[in-house]
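Okay, structure first, notes after.
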Amino acid sequence: MTVESIEAVLDEEARRRLQTLAYEISEQGALRSPPWRRVFTTVRRHVFLPRYLQDEQPGSIPPRWRLVEGANPDDHDEWLTSVYSDTTLIVDLKGQPIPPERGGGSHPIVTSSSTMPSLMMRMLEDLDIQDGHRVLEIGTGTGYNAALLCERLGDTHVTSIDIDPELVAAATRRLAAHGYRPHLVAADGIAGLSDHAPYDRIIATCSVERIPYAWIAQTRPCGRIMVNLRGPLMRSALALLTVHPDGTASGPLLSEGAIFMPLRHDPSAPYDYTVRITRPATDPTNGVTTLDPASLHHHAAWGFFAQTCLADAAFRLVTADDDETRLGTEIATPDHSWAIIWHDRRDGCYPTSQAGPRRLVELLERAHRHWSALNEPRWDSFAVAVTPTGQWVSYRHPDNTSLRWELPLPAPVP
Ligand SMILES: C[S@@+](CC[C@H](N)C(=O)[O-])C[C@H]1O[C@@H](n2cnc3c(N)ncnc32)[C@H](O)[C@@H]1O
């Protein structure tokens with residue numbers, strides 16, 4: 001077969017699989033409108049994903065990655081099936097240094113992926129993108145979403161930024177090969193892109209702890225921003241903000257769960273997940289709590305509420321110095337308050353140690369009582385508000401009693 005006829009067979013196979021996938025994600029309610037259905041069934045995802053990395057043993061540390069390549073005859077069927085499945089596919093890893101005390105070396109961390117199609121389409125549909133809109137995407141990655149936007153709006157209406165110049169170069173090539181020429185830039189998307197502002201819509205496909213105010217300043221009044229808001233426990237939710245004429249923005253957190261990789265500032269390195277905690281020199285006081293610390297990590301709605309109430313806290317899992325099997329959750333805040341809640345239950349309670357000006361275990365217990373009294377709300381019971389000087393997550397209660405928590409100021413950009 002000639003190269004052209006191989007491509008034609010692949011294109012026909014892709015068309016058939018795209019129709020099936022479009023049907024599946026329409027049934028889920030992710031793909032809803034005729035314009036996006038046309039776009040979704042037109043843009044070939046395999047073009048933007050010539051290869052991806054498969055985690056051979058999910059959950060194993062470190063993960064074992066295997067490259068799956070469309071051009072490799074042994075991988076071809078697996079590749080095509082994955083590309084046209086409703087799955088997130090990992091496309092880039094970078095090494096994060098392991099501290100010498102933990103053995104040194106480096107550990108590969110995911111730095112780019114192609115988002116699962118149903119989530120991508122849900123975000124695009126929820127953004128209510130209309131003909132003539134100008135859209136900024138933060139996180140070009142493979143270029144697949146930029147292609148969807150170009151197919152929907154035309155190249156001149158689409159700008160996309162990625163921190164990684166190599167990803168931007170590859171996406172530029174693949175987009176151009178299929179006739180799409182959006183404005184692509186390799187830069188830190190935290191500053192948006194003022195050259196092409198104002199935008200009607202901004203979509204961020206990486207997560208942030210605070211919404212960069214530049215994104216609001218670069219969006220037209222009544223424009224919308226879709227972003228994944230993440231807290232210190234790595235619990236995240238999609239926020240759909242509307243920008244107001246006075247330069248503020250507000251909007252709900254959406255019900256669909258979503259976890260995007262964090263926005264990072266170093267193009268050659270992954271986001272640094274290392275949690276730095278200094279234990280205070282003062283002797284801690286020991287006590288107990290009935291609050292199960294594992295629930296912070298395993299119960300998404302409670303974890304989200306806890307990180308909202310303790311927005312300036314750092315959380316990490318630790319093991320005891322004298323017993324590697326004994327797990328604890330360590331919490332610290334910038335005012336040198338510190339606590340550990342051990343995971344081993346004794347007589348219905350969990351041992352604690354804490355020091356510093358704030359009693360973090362009691363604050364966490366109070367947050368848990370509050371969450372129970374509110375009937376254990378999920379993140380979609382909350383909304384976000386942003387002004388030039390502050391950002392808040394607030395509780396949307398049917399009787400309009402609103403409670404709100406301020407998000408911490410951003411760490412300085414290195
Ligand atoms: C989930 S991937 C994006 C998927 C992409 N939209 C697609 O269709 O393939 C997240 C991307 O965000 C990028 N990113 C991380 N930090 C960034 C930053 N500060 N500015 C711009 N892009 C960033 C990563 O390099 C990565 O490619």
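Excluded from the calculations below are hydrogen atoms, water molecules and symmetry mates; all remaining heavy atoms, backbone and side chain alike, are included. Whatever order the structure lists them in is the order used to number ligands and atoms, beginning at 1.
- Protein heavy atom in closest approach to atom 25 (O) of ligand 1: D162 OD1, 2.7 Å.
- Of the protein's non-hydrogen atoms, G139 CA, 3.5 Å is the one closest to atom 12 (O) of ligand 1.
- Counting protein heavy atoms only, atom 22 (N) of ligand 1 is closest to I163 N, 3.2 Å.
- For the residues N228, N145, T140, the heavy atom positioned nearest atom 5 (C) of ligand 1 is part of T140.
- Residue-ligand proximity: R264 is placed with a non-hydrogen atom under 4.0 Å from ligand 1.
- Heavy-atom distances between E137 and ligand 1 reach below 4.0 Å in at least one pair.
- Residue contact check for ligand 1: T88 places no non-hydrogen atom closer than 4.0 Å to it.
- Within the structure, the closest approach of A187 to ligand 1 falls below 4.0 Å when heavy atoms are considered.
- The shortest contact between atom 9 (O) of ligand 1 and any protein heavy atom is with T142 OG1, 2.6 Å.
- In the vicinity of L167, heavy-atom distances shorter than 4.0 Å reach the ligand 1 atoms 25 (O), 27 (O).
- Aromatic ring centres of F382 and W392: separated by at least 6.0 Å.
- For CZ of R38, the number of neighbouring non-hydrogen atoms (other residues, nucleotides, ligands) closer than 6.0 Å is greater than 12.
- Residues W302 and S295 have side chains that bring a donor and an acceptor to within less than 3.5 angstrom of each other.
- Put simply, the side chain of N145 reaches to within 4.5 Å of the side chain of L124, judged on heavy atoms.
- H183 and H196 share a donor-acceptor pair across their side chains, judged by distance under 3.5 Å alone.
- A heavy-atom distance below 4.5 Å is found between the side chains of W342 and I340.
- Counting only distance, with no hydrogens or angles, the side chain of D155 and the backbone of R181 share a donor-acceptor pair below 3.5 Å.
- Atoms of ligand 1 lying under 4.0 Å from at least one heavy atom of I161, given by number and element, are 21 (C), 22 (N).
- Checking A191, C206, G189 against atom 20 (N) of ligand 1, the nearest heavy atom belongs to G189.
- Looking from atom 4 (C) of ligand 1 to the surrounding protein, the closest heavy atom is S113 O, 3.0 Å.
- Of the protein's heavy atoms, T111 O, 3.4 Å lies nearest to atom 24 (C) of ligand 1.
- Between the side chain of R45 and the main chain of Y84, no donor-acceptor pair closer than 3.5 Å is present.
- Summary of contacts: the protein heavy atom closest to atom 10 (C) of ligand 1 is T205 O, 3.3 Å.
- The backbone N or O of L407 lies less than 3.5 Å from no partner atom in the side chain of Q391, so there is not a single donor-acceptor pair.
- When side chains are defined from C-beta on, Y271 does not count as touching H265, because their heavy atoms never get closer than 4.5 Å.
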